[in-house]
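Read the structure below first, then the notes.
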Amino acid sequence: MKIYNTLARRKEEFATRDPGTAGIYVCGPTVYGLIHVGNARPYVFFAVLARYLRSIGYDVKLVENITDIDDKIIERANHEGMAPGRLAAAFSRAYVDDTLKFGLERPDVEPKATEHIQEIIDHCRRLVDTGMAYESGGSVYFRVDRFAGYGKLSGQKTGQMKHCELVREGEAKESPLDFAVWKASKPGEPSWESPWGPGRPGWHIECTAMSLKYLGQSFDIHGGGRDLIFPHHENEIAQAEAVSGGGFARGWMHVGMITTKEEKMSKSVGNIFLLREFLKQYDPRVLILFFMGAHYRSPLEFSEVNLEEAAGRLERFKNCFWKVDSVIGETAAAAAPPEGRLLEDSIGLTAQQFEAEMQDDVNTAGALAALFGLVRSINEYAELASAAGSADAGLLGRASDLLRRLLGILGVEITEADYAGKAAPQELLDLVALREQARREKDFAAADAARDRIAAAGYEIRDTPTGPKLVKK
RNA sequence: GGCGACGUGGCCGAGUGGCUAGGCAGAGGUCUGCAAAACCUCGUACAGCGGUUCGAUUCCGCUCGUCGCCUCCA
């Protein structure tokens, strides 16, 4: 399998540290607010990657942190007049709620920064002990110029950075580029005792400490949004490798930005769409299919038409499953089913193409195309079966099972509840009967009125050779 | 100023040194009382200018344009 490694700036053959197992660390949220749809893209993507790797036999450990202590949390808490700890706890819960409602499973480990203060302090101490960091005014700063590899991820050269505003009030740093790994806390701020006095974790050191704790040195993939490359991930590399002498994450994967009006969706721009707001208006799978339609590294425009298109994809899949059930239900086993060679071939080709696309830097857009190929083949066969009055249920079952399984890897689950009208309330079934009666009497106005009432109740009528069927919309 | 990415048919969006992406929308047809769903047919697009090549959308250079990052953004 090939995966694009930001560090190497090219696709590389994916080889894990320990054969058969993959350790993945994804930068999770800093819980100072509700997450928006842009934040959700990496979580969705890495869940897909984890599922795919599992499907080909890897034992995957996916770690996604929750950063529950940070300047912005304190800032927001002060603004709201509540304790930072309470605010962080509330937004942590909101994050978990939102992502669960969205259909994301929990990662294997979901560590919180405040529960790893000891590991963080130990890490800072090692940095100080080796001279890679120094204490100043109760804070601990990383000496950027002592770390030769600084800039290797982002390609930034320290001499050419804009660093006019890098020194904040109250900071006493040896160099403007140095960054805090431990911050002295002001009175009233959350703090933990440390060798340098009361303070709290600094520059995303929790990611460094926790990834090493749960995945060990030289773990396989560290990921997150593109915007984290610099300085976040660059600094993580510095913090980690300054202690170990090398070997932090082997591969770095970065997910492209979600944009609106071609501008990055971000809180500071103010063009965000909260995940929970999205879920009030759309099926979660619409967002997943929207994400899956583009390569994970590409920017993706969040717009009404693009979402409608994603919704159309979901419909096409649902209709296909409906068709399979419907055709199996309506045909008799007695007659000879149509030749199934093409569908048989399509099953093999789809599985093959899906694999090839996923193996090529997780090309979900290509994988989706493969699935639509299978949809077409299934529909074609269903047409023939319907005309012949007989279907090879085993063949259709195998085809739809494959479709279901591969969609599942992408994070889209479609069940009978999505389309089946069998469980429709009796009054709707009565309306269907009423419409049939009206149609027989050529009273089409009455028939259409019945159909409209059924539509208003969230069902659609589809007339088939064996009579009308209700489909849940 | 520095680093990086990108410009594909009406729209979205893969991909490739010569061979079908796919979806949505649209046109025509089949089916239907009309629809819906589905099927069939239909679009020769790769920002511009040079170069390499038998041949470039694909490789190289330049130009134009867009976007991200450059200290606390996913």
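Note that the structure is predicted; figures quoted are calculated from it, not measured. Reminder, nothing fancy here: chain letters follow the sequence lines and each chain counts from 1.
With hydrogens and angles ignored, the 3.5 Å screen pairs no side-chain donor or acceptor of T114(A) with any backbone N or O of D68(A). With hydrogens and angles ignored, the 3.5 Å screen pairs a side-chain donor or acceptor of D361(A) with a backbone N or O of Y4(A). Side chain of E234(A) to backbone of K152(A): a donor-acceptor contact under 3.5 angstrom is found. Between the side chain of E301(A) and the backbone N or O of K261(A) there is at least one donor-acceptor pair closer than 3.5 Å.
Heavy atoms of K318(A) sit nowhere under 4.0 angstrom from any nucleic acid atom. Contacts of K264(A) with the nucleic acid, taken as non-hydrogen atoms under 4.0 Å apart, include base atoms. Contact annotation for E263(A): backbone-only contact, meaning every heavy-atom pair under 4.0 Å involves sugar-phosphate atoms and none involves a base. Looking at heavy-atom distances under 4.0 Å, I229(A) makes no contact with the nucleic acid at all. Using a 4.0 Å heavy-atom cutoff across all strands shown, L384(A) reaches no nucleic acid atom at all.
Relative to the side chain of A365(A), the nucleotides A14(B), U71(B), A74(B) differ in distance, and A14(B) lies closest. For A294(A), whose side chain is taken as the heavy atoms from C-beta onward, the closest listed nucleotide among G13(B), C72(B), G33(B) is G13(B). Nearest nucleotide to the side chain of W322(A), out of C3(B), A37(B), C34(B): A37(B). Here the nucleotide nearest the side chain of Y150(A), chosen from U71(B), G33(B), A74(B), is U71(B). Listed candidates were G2(B), U32(B), G23(B). Nearest to the side chain of E309(A) is G23(B). Among A14(B), G33(B), C72(B), the nucleotide with an atom closest to any side-chain atom of H295(A) is A14(B). Comparing atom distances between the R451(A) side chain and each of C70(B), G68(B), G33(B) picks out G33(B) as nearest.
The existence of a salt bridge linking E383(A) and K323(A) is confirmed by a sub-4.0 Å separation between a basic side-chain nitrogen and an acidic carboxylate oxygen. The pair R451(A)-D463(A) does not count as a salt bridge, with every side-chain nitrogen at least 4.0 angstrom from each carboxylate oxygen. Under a 4.0 Å N-O distance rule, the pair R200(A)/D71(A) qualifies as a salt bridge.
One N or O donor and one acceptor, one from the side chain of D463(A) and one from the base of A35(B), sit under 3.5 Å apart. In terms of polar N and O atoms assigned as donor or acceptor, the side chain of D227(A) never comes within less than 3.5 Å of the base of C70(B) in a complementary pairing. Residue side chain R313(A) does not reach the base of G23(B) through any donor-acceptor N/O pair under 3.5 Å, judged by distance alone. Remark: the K261(A) side chain and the C67(B) base include no donor-acceptor N/O pair separated by less than 3.5 Å.
Contact annotation: R316(A) side-chain N/O to C39(B) OP1/OP2 distance is under 4.0 Å. Under 4.0 angstrom from either OP1 or OP2 of C40(B) there lies at least one side-chain N or O belonging to R376(A). N319(A) has no side-chain polar atom (N or O) that falls below the 4.0 Å cut-off from OP1 or OP2 of A37(B). In terms of phosphate contacts, S298(A) brings a side-chain nitrogen or oxygen within less than 4.0 Å of OP1 or OP2 of A14(B). Residue N379(A) places none of its side-chain N or O atoms closer than 4.0 Å to OP1 or OP2 of A38(B).
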Go through F219(A) and F248(A) one step at a time and tell me if the ring-ring contact (aromatic ring centres under 6.0 Å, His included) criterion holds. CA-CA 7 Å; F219(A) 61 91; F248(A) 184 41; 5.3 Å; yes
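Sequence neighbours left out, the pairs with a member in residues 355-385 of chain A that pass ring pair (Phe, Tyr, Trp, His ring centres under 6.0 Å) are F317(A)-F372(A).
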Dot-bracket for RNA chain B, 5' to 3', with Watson-Crick and G-U pairs under 3.5 Å, [ ] for crossing pairs and | for other-strand pairs: what is it? (((((((..(((.....[...))).(((((.......)))))....(((((..]....))))))))))))....
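Nucleotides A47(B) and C72(B), compared at atom P, are 36 Å apart to the nearest Å. Taking the C1' atom of each, G13(B) and G18(B) are spaced 24 Å apart, rounded to whole Å.
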Measure all distances between protein nitrogen or oxygen atoms and nitrogen or oxygen atoms of nucleotides 16-20 of chain B, and list the pairs falling under 3.5 Å.
none

